[in-house]
Number of protein chains: 2
Amino acid sequence: MECCHHFQNEGNVKKLCISIVPIFNHLSQEEMVEIANTSISTKYQKGEFIFQAGEPYDHLYIVHKGRVKVYHLGDSGKEQLIRILEPGDFLGELSLFSKQESDSFAEAMVETEICSIHRRDLQKILIKFPSISLKILEQFTHRLEQTEKLVSQLSLQDVEKRTASYLVELMDGKGEEHEIILPMSKKDLASYLGTTRETISRRLSSFQDKGWIEQTGQRNIRILNVKAIKKMAEQ
Amino acid sequence: MECCHHFQNEGNVKKLCISIVPIFNHLSQEEMVEIANTSISTKYQKGEFIFQAGEPYDHLYIVHKGRVKVYHLGDSGKEQLIRILEPGDFLGELSLFSKQESDSFAEAMVETEICSIHRRDLQKILIKFPSISLKILEQFTHRLEQTEKLVSQLSLQDVEKRTASYLVELMDGKGEEHEIILPMSKKDLASYLGTTRETISRRLSSFQDKGWIEQTGQRNIRILNVKAIKKMAEQ
DNA sequence: CGACAGGTTGACCGTTATCAAAGATCGTGG
DNA sequence: CCACGATCTTTGATAACGGTCAACCTGTCG
């Protein structure tokens with residue numbers, strides 16, 4: 001199941017790393033190897049930072065294994081979660097054209113393996129393989145969509161509706177009565193939805209009281225009334 | 001001063017339209033003409049929609065003249081302003097790779113002239129001129145940055161701080177004591193900052209009471225105490 | 001088993017939305 | 001050029017959503 005063991009040599013790790021990234025998956029083997037050769041593979045323990053706000057910012061990072069959260073920090077130390085990255089996602093793209101300095105934190109949520117490419121190398125690659133730009137554009141488009149949606153939810157909907165919207169996202173296509181697993185702690189979920197642990201806890205409890213859901217494990221939710229949740233979510 | 005009169009032929013309008021767009025401005029004359037020939041120029045009156053939520057979504061639109069606002073609509077009819085476009089900006093990019101259907105409204109704020117290119121034509125252009133992808137990527141990067149910043153402001157800062165932040169953005173580099181002009185009505189500003197007209201009005205009045213600003217015209221603000229505003233803005 | 005992060009629940013209070021009504025400004029047509 | 005309506009803006013009073021503080025509970029991991 002796991003594609004990559006720690007006793008493999010680094011070259012292989014990098015090649016595998018590159019090969020799982022959607023933006024590269026139309027390239028030939030040789031092209032991937034070429035790109036892999038310009039990259040560095042690094043391991044991060046849970047809680048370690050890939051980068052922090054204020055640090056110089058000149059690499060593209062590709063998550064190969066594990067999970068990373070990106071967030072901003074407010075005055076009181078309160079964090080706003082921007083997004084969570086899974087294997088194949090990349091971060092640090094903003095550095096390619098724009099700021100020299102990050103204003104966000106990227107933290108490994110579990111043990112994580114990341115390949116990084118320096119901005120100058122990536123720029124060379126983009127010129128050599130124009131099709132990659134299109135792929136990156138595609139992913140950017142998706143993220144922009146997500147982020148703009150989040151913006152309107154944050155100011156048009158109350159916490160209850162945002163919570164319901166999020167559940168609907170997780171339910172995706174699945175039909176009546178099924179179980180979903182939160183991809184993060186409720187603390188992080190609260191941060192993502194722009195609220196607090198306490199409030200998320202209250203809202204989920206109220207959904208449970210209404211018989212819409214049942215909270216089994218601390219990250220497991222059994223959906224009992226899809227319709228009611230969807231109705232709450234939309235507008 | 002104005003580059004384009006309505007009695008010009010359409011070809012010229014389109015060429016001018018293309019030529020002012022930053023993402024195209026490194027191309028040769030002939031290349032611009034080629035792109036201009038695949039585009040259509042349209043005029044919109046104030047209040048007219050370029051597109052509405054739910055409509056099919058298959059063009060890239062380039063603002064040539066005027067001003068356009070893009071927003072989402074909540075249940076109660078409350079709108080969340082996503083961004084305002086000036087000449088040279090483009091919209092509809094999300095259609096290129098992603099959704100077939102818009103979930104936002106694009107409305108002309110004044111009389112506006114727009115050139116549109118169909119997605120299939122643009123895709124051809126992107127393949128033919130790879131450097132354009134890089135330019136679009138650059139603009140996307142900037143927008144993503146802006147939008148992510150907005151997200152954290154919406155949930156980490158209260159309205160007072162968000163308002164101060166926005167003023168700081170407008171002040172840009174200018175030193176002590178100068179006048180700034182809001183690029184939109186306070187109503188729209190309220191929408192952009194995720195609050196209401198009334199609250200914006202109160203917050204600006206309170207800034208005025210403190211002697212930080214003076215509200216002259218309805219869109220003119222004389223900045224009196226840059227430091228205090230900046231201090232309020234950051235965290 | 002103990003410590004610690006995460007989660008729940010309750011009480012309280014502040015910021016901000018909402019409703020209402022009056023005032024200012026803009027654009028249009030007479 | 002003025003008058004009108006429409007739209008935007010201001011100000012006040014009120015209510016509530018949700019943040020904060022505090023205490024307690026729960027699960028997890030060394």
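Letters go in sequence order (proteins before strands), and every chain restarts at 1.
- A close approach under 4.0 Å does not occur between any side-chain nitrogen or oxygen of B:Gln215 and OP1 or OP2 of D:dT9.
- Note on B:Arg203: only backbone sugar-phosphate atoms sit closer than 4.0 angstrom, heavy atoms only; bases stay farther off.
- A close approach under 4.0 Å does occur between a side-chain nitrogen or oxygen of B:Thr195 and OP1 or OP2 of C:dA17.
- Centroid-to-centroid, the aromatic rings of A:Phe51 and A:Phe105 stay 6.0 Å apart or farther.
- Taking 4.0 angstrom as the limit, A:Thr196 places a side-chain polar atom (N or O) nearer than this to OP1 or OP2 of D:dG19.
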Solution key, residues 170-179 of chain A side-chain donor-acceptor pairs under 3.5 Å, sequence neighbours excluded:
residue: A:Glu177; atom: OE2; partner: A:Arg222; partner atom: NH1; Å: 3.4
residue: A:His178; atom: ND1; partner: A:Gly175; partner atom: O; Å: 2.8

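- Side-chain nitrogen and oxygen atoms of B:Gln218 include none within less than 4.0 Å of the OP1 or OP2 phosphate oxygen of C:dA24.
- Spacing between atom CE of A:Met109 and atom P of C:dA5 amounts to 16 Å, rounded to whole angstrom units.
- Rounded to whole angstrom, the span from the CD atom of A:Gln208 across to the C1' atom of C:dT9 amounts to 14 Å.
- Taking only side-chain nitrogens and oxygens, A:Lys186 comes nearer than 4.0 Å to OP1 or OP2 of C:dT8.
- Between B:Lys149 and B:Glu169 there is a salt bridge, since at least one side-chain N of the basic residue sits less than 4.0 Å from a carboxylate O of the acidic one.
- With sequence neighbours left out, the side-chain hydrogen bond (donor to acceptor under 3.5 Å, both in side chains) criterion links A:Tyr166 to no other residue.
- Here the P atom of nucleotide D:dC17 and the CD atom of A:Gln157 are 15 Å apart, to the nearest Å.
- Atom CD in B:Glu160 sits about 13 Å away from atom C1' in C:dG14, given to the nearest Å.
- Between the P atom of D:dA22 and the CZ atom of A:Arg197 lies a distance of 14 Å, rounded to the nearest Å.
- Between D:dC17 and A:Thr199, no contact under 4.0 Å exists linking OP1 or OP2 to a side-chain N or O.
- Two residues are said to be in side-chain contact when any heavy atoms from C-beta on lie closer than 4.5 Å; B:Ile200 and B:Leu193 meet this criterion.
- When each of B:Glu86, B:Glu107, B:Glu113 is tested with B:Arg67 by the rule salt bridge (charged side-chain N to carboxylate O under 4.0 Å, His left out), just one qualifies, namely B:Glu86.
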Filtered N/O pairs between nucleotides 19-21 of chain C and protein, under 3.5 Å:
residue: C:dC19; atom: N4; partner: B:Glu198; partner atom: OE2; Å: 3.2

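- With contacts defined as side-chain heavy-atom distances shorter than 4.5 Å, the pair A:Arg202/A:Ser206 does not qualify.
- Within the nucleic acid shown, A:Gly194 comes within 4.0 Å of sugar-phosphate atoms alone, with no base atom in reach, counting heavy atoms only.
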